[in-house]
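Data first, discussion second: the structure below is written as structure tokens.
Chain A is the first sequence line, chain B the second, and so forth, proteins listed ahead of strands; every chain is numbered from 1. Below, each value reflects all heavy atoms present in this structure, side chains not excepted, and no hydrogens, waters or symmetry copies.
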There are 2 protein chains.
Amino acid sequence: MIQEIARMSVSTLIPRQNLHDALTPSLREMILDGDLKPGDKISERELCERFGVSRTPLREALKVLAAEGLVQLLPQRGAIVAEISEDEIKEVFPIMAALESLAAELACDHASDADIAHVEALHAQMMKAYRSGHESTYLRLNRLIHEAFFELAGNATLASMYQSLLTRIHSHRFIARKSEASWKKAVEEHEEIIEALAARDKRRLPRLLRKHVTGTTVDIAKESLARKCKAG
Amino acid sequence: MIQEIARMSVSTLIPRQNLHDALTPSLREMILDGDLKPGDKISERELCERFGVSRTPLREALKVLAAEGLVQLLPQRGAIVAEISEDEIKEVFPIMAALESLAAELACDHASDADIAHVEALHAQMMKAYRSGHESTYLRLNRLIHEAFFELAGNATLASMYQSLLTRIHSHRFIARKSEASWKKAVEEHEEIIEALAARDKRRLPRLLRKHVTGTTVDIAKESLARKCKAG
DNA sequence: AAAGAGAATAATGCATTCAAAATACATTAT
DNA sequence: ATAATGTATTTTGAATGCATTATTCTCTTT
């Protein structure tokens, strides 16, 4: 009876969540925030104490994160935070470019005028941040704009695949410090992109986005390499 | 000590597998083979008895399959085989087209002459199957050719993403019966595709593949719709 | 002192157990 | 007879316990 009533309106549903479902996002955030670093051994005991749960739900959460590629399960040896190699990163970049390009194309058809105006507003804010040199604000808005294309595309599967890739390479994108030159280039490309979006130019926009994403990611790979050489 | 040695070479690693890791593929196959149909409730008890394991590893396997999108976990109510809606299918198709298009482009750079010859051989076999009307053989070779592009691309991440999408829509592709006209069209497109691959035409090949995949998938969506109307 | 063997300790994998919730069933009241 | 309530059974979620495997520590030997 109560269930019947509850079924009638979503708002009356008591939000019930399993322990492992609650655990998974918490653990994911710990990794994404850097509390746990790539290669770190994940001690079941320690985390159990920290979260105040038994090993069963924790292990289930670890299984889920392993499926996402965020942790690695070594048989009989426990779990470690997954390390992503340079090679894997290099594999991911062209895929992200292809997905964003597709998102842009779909967005041309699917986005409302209001949607486009919203992205233009974000872009304006981003330009302001660029001109005044607020890098962290710039990066945040830049990320929002890229994510906006996926929302505008109206394809939840596509958006979630992008998000999943972004998670996998979390430590390597939107964080890398750009050189002045590459930053300027990226900004100029953004100008063109917004223009093409406003015109709903289905031929030009995907091309621009693909080139843009490929360009920025290549820059990142270069700088990552440079850091490595300097360190070594 | 033994572990130290094992760490030195992958080949010396004793292939030890956890129960849940062994369970996951078995369960996946049960779903893919249709032993368990979309919407079916998955009885933990029944499966435990069938595999002769306790609930713990089984539930871990279910968690993994849920992350893959193959089963759905309903809180406090157990698991069911995930049902994929028409809408979700429609979302997946353009993504597959984009991924295959990218794979084709990468393949132009990465594939050796021998690789290309191998695909050509598969294509020749497929054409033979087409001309003699062996549909199941045709479909199998068709699938192999599509998968080959991903292998030739030399991008493991891309290949696994494609595989994962393929798994999700398993019941809706490479199975759908084609009409004579759409089959003929698909075959003609394949001819062009193999030609462009042989020429390593990086501009033409991706375009052809994208059009081909989009075309066949649209056909499938149409036929699926037709079936539904007929049934309803 | 360094290397290796062996024991002690800890951690993992799985089964079992316990508690809570859902479903099925029977009983009662209208 | 039907609907509603209360009870029993089943099922799920999580904790605990046990056996096996890995790791660490110590002690011996060279």
- Task: Using side chain to side chain contact (heavy atoms under 4.5 Å, CB included) as the criterion, list what pairs up with B:A159, not counting sequence neighbours.
- Result: B:F150
- Figure out the NZ/P separation between A:K41 and C:dA10, and round it to whole Å. 12 Å
- Task: Figure out the CD/C1' separation between A:E46 and C:dT12, and round it to whole Å.
- Result: 16 Å
- Query: Whole-Å distance between D:dA22 C1' and A:I80 CD1?
  - Reply: 15 Å
- Sequence neighbours excluded, which residues qualify as salt bridge (Lys or Arg N to Asp or Glu O under 4.0 Å) partners of B:D113? B:R200
- B:K63 NZ to D:dG13 C1', straight-line distance once rounded to whole Å: 9 Å
- Hits for side chain to side chain contact (heavy atoms under 4.5 Å, CB included) against B:E83, two or more places apart or cross-chain, chain-then-number order -> B:P38
- Item | A:E46 and A:R50 ion-paired at < 4.0 Å | no
Sub-3.5 Å pairs of nitrogen or oxygen atoms, protein against nucleotides 6-11 of chain D:
| unit_1 | atom_1 | unit_2 | atom_2 | d |
| --- | --- | --- | --- | --- |
| D:dT11 | OP2 | B:R45 | NE | 3.2 |

- Residues which pass side chain to side chain contact (heavy atoms under 4.5 Å, CB included) with A:A148, listed by chain and number, not counting sequence neighbours: A:V119
- Mind checking side-chain hydrogen bond (donor to acceptor under 3.5 Å, both in side chains) for B:T157 and listing every partner two or more places apart, or none if nothing turns up? A:E91
- For the pair B:V81 and B:K37, evaluate side-chain contact (heavy atoms from CB on, under 4.5 Å) and give the outcome as yes or no after the intermediate values. CA-CA 6 Å; B:V81 179; B:K37 286 182 180 30; over 6 Å; no
- Atom-pair distance (CG on B:N18; P on C:dA15), nearest Å: 12 Å
- Message: Does D:dG13 have OP1 or OP2 under 4.0 Å away from a side-chain N or O of A:H20?
- Response: no
- Taking atom C1' of C:dA15 as reference, at what distance in whole Å does atom CD of B:E49 sit? 15 Å
- Query: Roughly how many Å is it from CD in B:Q76 to P in C:dT23, rounded to a whole number?
  - Reply: 10 Å
- Item | Between C:dA22 (P) and B:E44 (CD): distance, integer Å | 15 Å
Which atom pairs, one a donor and one an acceptor, fall under 3.5 Å between side chains of residues 22-32 of chain B and the rest of the protein, sequence neighbours left out?
| unit_1 | atom_1 | unit_2 | atom_2 | d |
| --- | --- | --- | --- | --- |
| B:T24 | OG1 | B:H20 | O | 2.7 |
| B:S26 | OG | B:A22 | O | 3.3 |
| B:R28 | NH1 | B:E68 | OE1 | 2.7 |
| B:R28 | NH1 | B:E68 | OE2 | 2.3 |

- Counterpart residues, side chain to side chain contact (heavy atoms under 4.5 Å, CB included), relative to B:T137 (two or more places apart): B:A129, B:H134, B:R140, B:L141
Would you tabulate the pairs of protein nitrogen or oxygen atoms and nucleotide nitrogen or oxygen atoms of nucleotides 15-17 of chain D closer than 3.5 angstrom?
| unit_1 | atom_1 | unit_2 | atom_2 | d |
| --- | --- | --- | --- | --- |
| D:dA15 | OP2 | A:S54 | N | 2.8 |
| D:dA15 | OP2 | A:S54 | OG | 2.4 |
| D:dA15 | O5' | A:S54 | OG | 3.2 |
| D:dA15 | N7 | A:T56 | OG1 | 2.8 |

